[in-house]
Number of protein chains: 2
Amino acid sequence: MERNAITLSASETRLAAMLKALGNPVRFRIMKYLASRQVCITGDVVEFTALAQSTVSQHLKVLRQAGLIEGEVEGPATCYCVSAEGLRFLKTQIEAWLPDCCEPIEPASPDGCC
Amino acid sequence: MERNAITLSASETRLAAMLKALGNPVRFRIMKYLASRQVCITGDVVEFTALAQSTVSQHLKVLRQAGLIEGEVEGPATCYCVSAEGLRFLKTQIEAWLPDCCEPIEPASPDGCC
DNA sequence: TCATTTTATCGTAAATTTACGATATAGGAA
DNA sequence: TTCCTATATCGTAAATTTACGATAAAATGA
């Protein structure tokens with residue numbers, strides 16, 4: 001895809017991966033679903049999304065690899081939940097990203113641009 | 001792709017679009033580049049990214065449609081800058097998204113999961 | 001042991017994304 | 001008007017993503 005690999009710091013790379021993972025509407029919803037259930041869930045995500053089990057498993061893998069959720073084998077099933085550390089990272093990074101570059105300094109500007 | 005369209009609210013849809021746009025490392029970098037230059041920029045994004053002009057134009061379009069940047073025709077060129085409103089929205093949404101579901105309530109839990 | 005349950009992984013087809021060159025479009029200068 | 005500059009858009013090829021069914025793998029219960 002990319003001829004010259006774009007250089008990003010480790011933090012930026014992780015943040016971009018998180019954003020990419022959450023940019024998919026299915027994963028976005030899964031994430032909210034997991035958050036709404038404090039409790040860990042497994043395969044009723046399948047029921048929730050009405051997608052094939054293998055598809056859901058794949059989405060969960062993406063979220064897990066992005067560090068947004070955590071999975072733990074619980075008997076025959078796997079128990080997932082939101083990663084507290086991951087979400088803290090996400091929020092912190094977004095918060096600190098463009099600190100106050102975008103506050104409307106001059107309200108005179110109609111659209112804040114140019 | 002999706003057989004059953006995933007239902008998201010308008011805000012969620014916009015947020016997901018923003019996350020998706022920023023999930024691409026090239027666009028991620030362009031965004032930071034635009035932010036570092038308070039001033040509006042046009043085609044030196046091309047020089048910055050070392051990608052084809054048409055490719056950059058496409059990326060800028062995605063960022064613009066996501067409401068993350070604003071473009072304004074300035075003579076023969078187009079002047080881009082970060083959208084203050086867009087970034088405010090992004091930050092607010094992320095902040096409010098999972099308010100305090102993920103604070104480590106019980107430090108006893110080794111990984112905060114299950 | 002043997003079936004059952006729950007997930008993960010594999011292989012694959014369709015859709016989407018990304019990048020490029022070529023081509024239009026629009027504004028400014030000569 | 002005519003040329004030059006700066007972008008946007010079109011068409012297209014390669015890569016990636018997404019979804020599915022089929023198949024493994026792992027733990028529990030009969």
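Any value given below was found using the heavy atoms of this structure, including those in side chains, with hydrogens, waters and symmetry copies removed. The sequence lines fix the lettering, A, B, ..., with proteins before strands; numbering per chain opens at 1.
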K.L.:
Using ring-ring contact (aromatic ring centres under 6.0 Å, His included) as the criterion, list what pairs up with B/F28, not counting sequence neighbours.
P.N.:
A/W97
K.L.:
Between A/R37 and A/Y33, is there a side-chain donor-acceptor contact under 3.5 Å, judged purely by atom types and distance?
P.N.:
yes
K.L.:
Whole angstroms only, please: what is the CD-P distance between B/E72 and D/dA6?
P.N.:
18 Å
K.L.:
Roughly, in whole Å, what's the span from CD in B/Q65 to C1' in D/dT9?
P.N.:
12 Å
K.L.:
Minimum heavy-atom separation for A/L51 to A/V46, with atom names?
P.N.:
O-CG1, 3.4 Å
K.L.:
By nearest atom, which of the nucleotides D/dA19, D/dT9, C/dA19 is closest to the B/L51 side chain?
P.N.:
C/dA19
K.L.:
Closer than 4.0 angstrom, basic N to acidic O: yes or no for B/R29 and A/E12?
P.N.:
no
K.L.:
Can you tell me if the side-chain N/O atoms of A/N24 get under 4.0 Å from OP1 or OP2 in D/dT18?
P.N.:
yes
K.L.:
Respond yes when some side-chain nitrogen or oxygen of A/H59 is under 4.0 Å from OP1 or OP2 of D/dT17, and no when none is.
P.N.:
no
K.L.:
Looking at B/K20, I'd like to know whether one of its side-chain N or O atoms comes within less than 4.0 Å of OP1 or OP2 on C/dT17.
P.N.:
yes
K.L.:
Looking across every strand, which nucleic acid part, if any, lies under 4.0 Å from B/T55 by heavy atom: base, sugar-phosphate, or nothing?
P.N.:
base
K.L.:
Going by the side-chain hydrogen bond (donor to acceptor under 3.5 Å, both in side chains) test, which pairs reach into residues 51-63 of chain A, not counting sequence neighbours?
P.N.:
A/R27-A/H59
K.L.:
Please state how far atom CZ in A/R64 lies from atom P in C/dA8, giving the value in whole angstrom units.
P.N.:
6 Å
K.L.:
Under 6.0 Å from the six-membered ring centre of B/Y80 and within 45° of its axis: does the NZ or CZ of B/R64 meet both?
P.N.:
no
K.L.:
Using whole Å, report how far CD1 of B/I30 lies from P of C/dT18.
P.N.:
11 Å
K.L.:
Report, as a single string ordered 5' to 3', how protein heavy atoms within less than 4.0 Å touch nucleotides 22-30 of chain C: B base, S sugar-phosphate only, - not at all.
P.N.:
B----SS--
K.L.:
Please confirm whether the shortest side-chain N or O distance from B/S57 to OP1 or OP2 of D/dA8 is below 4.0 Å.
P.N.:
yes
K.L.:
Verify the contact: side-chain N or O of A/Y80 to OP1 or OP2 of C/dA8, cut-off strictly under 4.0 Å; return yes or no.
P.N.:
yes
K.L.:
Expressed as a whole number of angstroms, how long is the span from A/L63:CG to D/dT17:P?
P.N.:
14 Å
K.L.:
Quickly work out the A/E47 CD to C/dT6 C1' distance and round it to whole Å.
P.N.:
14 Å
K.L.:
Output the rounded distance in Å from CZ (B/R29) to P (C/dA19).
P.N.:
13 Å
K.L.:
How many Å lie between CD on A/Q58 and P on D/dA22, as a whole number?
P.N.:
17 Å
K.L.:
With the threshold set at 4.0 Å, does a side-chain nitrogen-carboxylate oxygen contact exist between B/E85 and B/K91?
P.N.:
no
